[in-house]
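Structure record follows, encoded as structure tokens.
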Amino acid sequence: MAKKAVASLQKGAGKGYAKVIKMVKSEKTGAYTFQEDIIPNEMVKDYFKK
């Protein structure tokens, strides 16, 4: 399923976007979760600075 989502980003206007995955630690339990987003290529560095 992931291959299909990534492949669809490579066609047409989707080339200006990137799928990013960030690991976030829960304050309550201390466990890590993964947060996935699709953002414009220009905002990738700012996304990971947060």
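If you read the sequence from its start, that first residue is 1, and numbering goes on from there.
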*asked:* I'd like to know whether Y47 forms a side chain to side chain contact (heavy atoms under 4.5 Å, CB included) with Q35, so could you lay out the CA-CA distance, the side-chain angles of the two residues, the decisive distance to 0.1 Å, and finally the verdict.
replied: CA-CA 11 Å; Y47 179 81; Q35 180 180 2; 3.9 Å; yes

*Taking the side chain as every heavy atom from C-beta outward, state whether I39 and Y17 have any pair of such atoms under 4.5 Å apart.*
no

_Treating K49 as the side-chain partner and V44 as the backbone partner, does any N or O pair qualify as donor plus acceptor under 3.5 Å?_
no

*Other cluster members, Y32 - Ile/Leu/Val/Met/Phe/Trp/Tyr, side-chain contacts below 4.5 Å*: I21, M23, F34

_Among residues at least two apart in sequence or on other chains, which ones pass side-chain contact (heavy atoms from CB on, under 4.5 Å) with T29?_
S26, A31

_Give me each pair satisfying salt bridge (charged side-chain N to carboxylate O under 4.0 Å, His left out) with a member in residues 23-32, each pair once, sequence neighbours excluded._
none

